[in-house]
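What follows is a single structure, written as structure tokens, with notes after it.
None of these values were measured; they are calculated from a predicted model.
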Amino acid sequence: MASPFNAKKTLTVRGTTFTYFDLGALVQQRIGHVERLPFSIKVLLESMLRHVDGFVVTQDDVVGLANWNAKSPAKEEIPFMPGRVVLQDFTGVPCVVDLAAMRDAMARLGGDAGLINPLVTCDLVIDHSVQVDAFGAGTGGRTALTINAEREFERNMERYEFLKWGQQSLSNFTCVPPATGIVHQVNLEYLAKGVLTRTAGGETVAYPDSCVGTDSHTTMINGLGVVGWGVGGIEAEAVMLGQPIYMLTPEVIGFRLKGRLPEGTTATDLVLTVTQMLRKKGVVDKFVEFFGEGMGALSVPDRATIANMAPEYGATMGFFPVDQSTLEYLRFTGRDEATVSLVESYCKAQGLFWTPGAPEPEFTDVMELDLSTVQPSLAGPKRPQDRVELKNVKAEFVRALAAPLGNTGFGLPAEKVFGSFGTYAGGGGQRARLTHGAVVIAAITSCTNTSNPDVLIAAGLVARKAREKGLTQRPWVKTSLAPGSKVVTAYLDRSGLSADLDALGFNTVGYGCTTCIGNSGPLPEEVEAAIKEGDLVAASVLSGNRNFEGRVHPSVKANYLASPPLCVAYAIAGSVCVDLATEPLGTGKDGKPVFLREIWPTQAEVQAVKAECLSAEQFRKEYANVFSGNETWNKVPVRKSERYAWSASSTYIQHPPYFEGMTESPATPGPIRGARCLALLGDSVTTDHISPAGDIAESSPAGEYLKSLGVAKRDFNSYGSRRGNDRVMTRGTFANVRVKNLLAKDPATGKVREGGWTRDMSKAGGGKIDSIYNAAMNYKREGTPLVVLAGKDYGMGSSRDWAAKGTLLLGVRAVIAESFERIHRSNLVGMGVLPLCFLEGQSAASVGLTGEERFDIEVPVSAEGLIEPRCEIRVVATKPDGKQVVFGARCRIDTPVEAEYYRNGGVLQTVLRRLLNESRKGSKQAVGA
């Protein structure tokens with residue numbers, strides 16, 4: 001590697017010499033002000049310095065970032081080459097499907113299919129496939145864990161065979177088997193190194209660990225000092241194929257921490273507070289970097305909890321620099337001393353090591369939180385940023401029942417707020433009257449919290465003390481524990497807390513992402529019956545990061561995020577209408593009321609258990625055979641081949657249509673003429689609304705399709721598990737049971753029909769209300785392009801590439817919104833869909849749109865066929881009576897590289913054409929030789 005800045009230096013650690021690209025060389029040459037840069041910007045700068053080639057990264061790129069202007073960063077694109085890619089199986093399977101399809105397209109166009117391979121390390125963790133079918137103690141002498149694991153393999157064998165093909169046939173691609181843990185916890189505890197190395201040309205280069213992942217909560221690794229964030233599967237595939245991530249130079253919001261958390265609070269309470277603060281501030285597309293003396297009071301798991309929820313507060317990252325706590329955590333989780341020494345020596349040499357009292361970096365803006373002011377809290381009932389202090393949950397829930405239907409209200413008439421109930425008739429003659437707020441799911445789940453021993457041990461101690469007093473969970477509450485890694489089970493077993501959690505119904509149901517992603521499984525029939533009888537707003541309490549409508553379970557409308565010990569407490573109370581601050585959880589075996597404060601552990605109690613029961617040896621033991629320790633996975637058949645043998649009968653894996661008809665050269669993008677509106681949506685429409693991950697309704701277009709293929713309802717699995725099949729996923733786009741399309745308004749009642757419905761204004765549809773999928777197919781047959789109209793924060797939530805893929809395959813050519821969430825906007829561009837924003841202060845309503853119009857959208861392009869980034873575009877909407885509404889919209893193709901993607905029809909087509917040219921050049925050189 002050449003170094004035009006004379007930045008190549010050597011570093012010897014424990015007898016091994018490493019080459020590195022010294023940021024100090026820029027300081028010595030008086031280029032920029034590197035010493036005052038935020039740590040996160042320094043990592044980006046090092047990547048650019050190391051990759052200077054005059055093409056992808058120029059010297060001007062390096063100089064520009066070294067001169068980063070904190071108060072007003074230049075709105076210029078910068079290339080970033082992550083060190084590795086992390087996938088989870090729901091999003092990872094379609095990535096591998098696309099690579100297999102690209103190999104076919106490459107072969108069809110006369111290129112070398114073998115060029116389609118990951119060029120950087122790519123780890124896929126199978127963690128989203130376990131569903132909570134069985135819970136509690138299990139049945140027939142088999143545990144819930146065993147039953148769910150068996151069902152997981154029964155449902156997902158086709159997917160697992162396909163991933164085994166990928167592992168054998170693709171370079172630099174490994175799979176962490178099922179029942180290992182959640183991707184982000186495995187990344188934190190095992191995959192991440194802190195500093196990466198690559199040996200080539202006789203030298204070993206050391207550089208900061210960095211990654212992108214196909215899950216928005218990839219940011220969890222920021223707690224370890226690793227730069228990383230979630231991207232769509234489309235972007236991840238480009239990185240896997242050696243392409244950089246292009247991004248606008250970010251603003252960096254400094255978040256100063258001081259003080260310590262008070263007794264009785266947890267890292268979960270802290271992250272919900274931070275999420276509320278930052279979402280209110282507005283940090284979309286920005287980096288957040290934490291600093292200040294309060295960092296010393298937070299362990300790496302505490303920091304990872306905060307970093308994990310960066311998508312919920314809207315930031316690209318929530319970054320904590322490497323410091324002494326980082327080194328201690330690396331040792332604590334079983335990393336070898338050579339790794340820890342390299343991290344320490346390298347980060348100190350590069351100015352990437354934070355020490356208390358050091359000069360503060362320059363930030364775009366600074367926020368501050370005194371940790372001592374944090375209070376026990378939950379977040380809900382519909383969004384993670386809507387924090388409610390524990391003492392106010394009951395009152396706020398009752399208020400929400402009657403509040404107007406929206407992000408914080410359910411819109412119930414007064415007579416239904418207090419007059420509704422359903423009868424729970426359980427086994428053994430158990431009967432109870434359930435009302436609004438009945439907790440029917442209490443789940444300790446999600447990487448946000450299961451990676452943090454403090455809150456898991458606290459949950460176990462709450463269970464132990466409750467058990468000692470004779471308390472147990474209410475019979476209508478479906479309880480579960482899904483550890484993020486097997487290390488959790490090891491220390492819970494060793495401390496005896498597993499038995500206490502089991503006694504209260506929190507049996508281990510699987511290792512992976514369960515309730516938080518929508519894999520909560522079915523509710524008991526008697527619970528469903530009670531909810532339906534009273535038309536109840538039932539509740540879930542989960543230790544997750546997402547509580548959007550329809551995500552956790554279709555029948556559960558109110559969903560609250562909470563710490564693991566509070567999940568246990570609400571399972572005992574049985575309702576969010578019990579004020580845990582002042583009212584008893586229940587009655588003890590001595591006949592006296594038991595209050596939460598009586599069974600809540602002190603911080604000293606938690607630390608004592610942790611010190612006794614958790615060690616580095618447990619991490620080393622559990623991860624020793626991480627790739628080969630699952631015997632069922634080892635028996636999955638292996639088929640190695642250059643090109644995948646697609647099966648027409650598969651209901652999980654199908655050849656995607658993205659490359660059908662693709663030519664060697666792209667056509668020039670043209671205007672969009674006569675488009676119809678498929679959906680008219682409001683604010684805060686999430687990727688869960690656009691492309692749900694959970695249950696497939698039997699009567700939905702996807703359900704009807706699966707039944708037509710002979711798939712029984714019990715084998716539907718989830719939308720997330722079927723992302724390798726575009727036939728299912730296209731039918732599932734906008735199929736969330738809570739999505740509200742204003743076009744699906746009943747003319748008789750004026751009410752909007754919830755679910756995947758629209759008004760079909762095609763000739764075949766005749767204006768009737770039909771499923772979005774059926775209407776889209778009618779429009780497609782008539783050759784009518786489609787648009788989607790939306791409000792603020794369109795596409796917030798998970799980094800779900802199928803929210804963009806499904807949009808494209810329905811025939812949508814453009815989405816016009818008031819604002820976009822970062823990842824979804826990028827994904828739309830990556831699929832060749834045009835993202836447009838109403839001009840400042842405008843909306844669909846303010847310009848007079850009803851969704852009944854026909855839309856003509858100008859797409860101005862240069863002689864090279866490229867659209868100008870962020871240009872203003874003219875839109876003409878013609879109403880049924882012929883009147884026209886003309887308005888401007890801001891093109892949210894933000895960079896020249898994205899303009900190239902749009903010209904090619906998407907990022908995959910762009911990369912494929914580039915590799916095809918390389919393949920042709922290679923062939924000519926071989927012939928010439």
Side-chain angles (χ1 to χ4, degrees), residues 91 94-95 97-98 101-102 105 214 231-238 654-662 666-667 669-670 672 675-679 681 685 687 689-692 701-702 719 722-735 756 758 772-781 783-790 794-795 798-817 820-821 823-836 855 857 859 867 891-893 898-912:
T91 49
C95 285
V97 166
D98 290 350
M102 287 178 74
T214 57
V231 296
I234 306 140
E235 278 187 297
E237 291 165 37
Q654 285 294 330
H655 194 295
Y658 315 127
F659 308 108
E660 291 178 1
M662 178 182 163
I672 299 169
R676 283 289 196 177
C677 180
L678 183 63
L681 306 165
V685 171
T687 50
H689 288 119
I690 305 168
S691 182
Y719 279 112
R722 293 191 180 272
R723 287 182 186 158
N725 186 343
D726 62 279
R727 284 75 159 167
V728 173
M729 297 307 297
T730 306
R731 288 169 170 83
T733 305
F734 292 108
T758 193
I772 281 180
Y773 175 77
N774 288 344
M777 294 305 102
N778 283 338
Y779 287 124
K780 183 172 285 190
R781 281 187 285 270
T784 303
L786 299 171
V787 299
V788 169
L789 303 177
Y794 183 73
S798 301
S799 58
R800 193 156 294 168
D801 57 337
W802 260 108
K805 289 178 175 178
T807 297
L808 171 74
L809 294 182
L810 285 176
V812 175
R813 298 280 304 282
V815 177
I816 311 175
F820 290 93
E821 200 81 342
I823 299 175
H824 186 60
R825 183 207 63 79
S826 176
N827 280 344
L828 288 173
V829 177
M831 291 308 298
V833 177
L834 181 63
L836 301 173
F855 294 82
I857 302 173
V859 181
I867 193 169
C891 172
R892 286 304 313 276
I893 292 175
E898 289 186 341
E900 183 70 23
Y901 292 164
Y902 185 70
R903 182 175 79 99
N904 277 275
V907 63
L908 298 183
Q909 290 85 346
T910 305
V911 173
L912 184 55

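- Within the 3.5 Å criterion, the main-chain N or O of Leu828 finds no donor-acceptor partner in the side chain of Lys805.
- Considering only heavy atoms from C-beta on, Tyr902 comes within 4.5 Å of Val859 through its side chain.
- Within the 4.5 Å cutoff, no side-chain heavy atoms of Tyr658 are placed close to those of Met102.
- Shown here are the salt bridge (Lys or Arg N to Asp or Glu O under 4.0 Å) partners of Arg903, two or more places apart in sequence or in another chain: Glu900.
- For His824 and Tyr794, the gap between ring centers is short of 6.0 Å.
- Counting only distance, with no hydrogens or angles, the side chain of Arg800 and the backbone of Ser691 share a donor-acceptor pair below 3.5 Å.
- With rounding to the nearest 0.5 Å, the separation of CG in Leu678 from CG in Leu786 is 5.0 Å.
- Defined by atom type and a distance below 3.5 Å, a donor-acceptor pair is present between the side-chain atoms of Arg781 and Asn778.
- Judged by distance alone, the side chain of Thr687 and the main-chain N or O of Gly795 form no donor-acceptor pair under 3.5 Å.
- Using a 4.5 Å heavy-atom threshold, the side chains of Cys95 and Thr214 count as touching.
- At distances below 3.5 Å, at least one donor-acceptor pair connects side-chain atoms of Thr730 with backbone N or O atoms of Asp726.
- Residues Leu834 and Ile816 have side chains not in contact (no heavy-atom distance under 4.5 Å, counting atoms from C-beta outward).
- Atom OG1 of Thr807 sits about 5.5 Å away from atom CD1 of Ile690, to the nearest 0.5 Å.
- For Asn904 (side chain) and Gly906 (main-chain N/O), no donor-acceptor pair under 3.5 Å exists by modelled atom type.
- At distances below 3.5 Å, at least one donor-acceptor pair connects side-chain atoms of Arg825 with backbone N or O atoms of Arg892.
- Residues Leu810 and Ile772 have side chains in contact (heavy-atom distance under 4.5 Å, counting atoms from C-beta outward).
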Evaluate Ile893 against Tyr901 for side-chain contact (heavy atoms from CB on, under 4.5 Å), listing each step before the verdict. CA-CA 9 Å; Ile893 292 175; Tyr901 292 164; over 6 Å; no
Verdict with reasoning, Asn827 to Ile823, per side-chain contact (heavy atoms from CB on, under 4.5 Å): CA-CA 6 Å; Asn827 280 344; Ile823 299 175; 3.8 Å; yes
For side-chain contact (heavy atoms from CB on, under 4.5 Å), just list the numbers for Cys891 and Leu836, CA-CA rounded to whole Å, side-chain angles, deciding distance to a tenth of an Å, and then say yes or no. CA-CA 5 Å; Cys891 172; Leu836 301 173; 4.2 Å; yes
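- No side-chain heavy atom of Val788 sits under 4.5 Å from any side-chain heavy atom of Cys677.
- The shortest side-chain heavy-atom distance between Val833 and Arg813 does not fall under the 4.5 Å cut-off.
- With hydrogens and angles ignored, the 3.5 Å screen pairs no side-chain donor or acceptor of Trp802 with any backbone N or O of Met729.
- Residues Phe659 and Asp98 share a closest heavy-atom pair of CE1-O, 4.1 Å.
- Side chain to side chain, Tyr773 and Arg731 meet the donor-acceptor criterion of an N or O pair below 3.5 Å.
- Of the possible polar contacts, none joining the Thr91 side chain to the Gly233 backbone as a donor-acceptor pair under 3.5 Å is found.
- Closest approach of Ala238 to Val907, counting heavy atoms only: CB-CG2, 3.8 Å.
- Annotation: side chain of Met831 is in contact with side chain of Ile234 (closest heavy-atom distance under 4.5 Å).
- Minimum heavy-atom separation, Gly732 to Pro692: O-CD, 3.3 Å.
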